[in-house]
Amino acid sequence: MPAVSEKFKQRAPKIRLSLQSLNCYVIRDALLTDNADLGIFYRVGHDNAFAMENLGTQRLVLVASPKIENINFTQHNQQLSVSFIINEPQCIFRQIFEITTRQRNITFENTIELWTIKSIKLCVSCNLGVSFLPYFTVCSAQLNQDTFLKEFCSYSIGDRSPLAV
C-alpha cells in the first residue's frame, strides 16, 4: 500500500488522501453508506452494487515457528497445546480457519488477538503460536527465517479476492 499511496500523491498532489486499515465488513459498509469513495477488501457478500475490479486470488497459509514441529494440523479430533494468533473476530481468514477447525473438531489452547499482521508475524516467529494468513503477507523477509508454513488446507480466497471499489 505505501508504494500505491506514493504514486497517488505524485500524480495528484493536491488531492487529500485519507487511509484507514479496517476489516472487510467495515469497508463494505462505509462504501454502501457513502462514507468512503474507494475500498480495497475481500468480498464478503452483499456487494453487487459496487463497480469492482478483481485483484486476484489470495492463497491462505498456516504459519508456525519450527519449534512447533510435531503437530499435525490436518488430523481431526484433537486439542492442541498451542495458541492461535490472529486479528479481530470479523477477519475473513480467521473465520475460514475457525470454520475449518470446528469441522475437524480441533481446539487450541487459547486465541491471541492482535491488531496488525506485523505483530501477528512477530509473535509467530517468537514461538508464541500459529496463525492463518494470506501468503503474500508472510512470504517476505519480515518473518524470521526460521518460521515456516505448516500443512493445514489448500484454501484460497478466490470469490473473496481483494477488490478495488
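Position 1 is the first residue of the sequence, and the numbers go up from there. All heavy atoms count here, side chains included; hydrogens, waters and symmetry mates do not. From a predicted model like this one, the values you see are computed outputs, not experimental measurements.
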| Candidates Ile120, Leu128, Leu122, Ile86 - the one meeting side-chain contact (heavy atoms from CB on, under 4.5 Å) with Leu114 |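 Running side-chain contact (heavy atoms from CB on, under 4.5 Å) over Ile120, Leu128, Leu122, Ile86 with Leu114 returns exactly one hit, Ile120.
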| message | Using the rule side-chain contact (heavy atoms from CB on, under 4.5 Å), only one of Thr101, Val130, Ile68, Ile106 pairs with Leu80; which is it? | response |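 Running side-chain contact (heavy atoms from CB on, under 4.5 Å) over Thr101, Val130, Ile68, Ile106 with Leu80 returns exactly one hit, Ile106.
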| query | Heavy atoms, side chains only, cut-off 4.5 Å: are Trp115 and Glu88 in contact? | reply |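 Touching, per the 4.5 Å side-chain cut-off.
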| Are side-chain heavy atoms of Asn105 and His76 found at a separation under 4.5 Å? |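 Not in contact.
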Donor-acceptor under 3.5 Å ([X] side chain, [Y] main chain):
X	Y	answer
Ser65	Lys67	yes
Gln78	Asn72	yes
Ser131	Val63	no

So which heavy atom on [X] is nearest to which on [Y], and how close?
X	Y	value
Thr137	Lys121	O-NZ, 2.6 Å
Glu109	Ser83	OE1-OG, 4.1 Å
Phe84	Glu98	CE2-OE2, 4.1 Å
Asn35	Thr33	ND2-OG1, 2.8 Å

How far does [atom1] of [X] sit from [atom2] of [Y], to the nearest 0.5 angstrom?
X	Y	atom1	atom2	value
Asn87	Ser119	CG	OG	8.5 Å
Leu133	Ile85	CG	CD1	9.5 Å
Lys9	Ile15	NZ	CD1	9.0 Å

| field | Centroid-centroid distance, Phe108 to Phe97, less than 6.0 Å | value |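 Ring centres of Phe97 and Phe108 closer than 6.0 Å.
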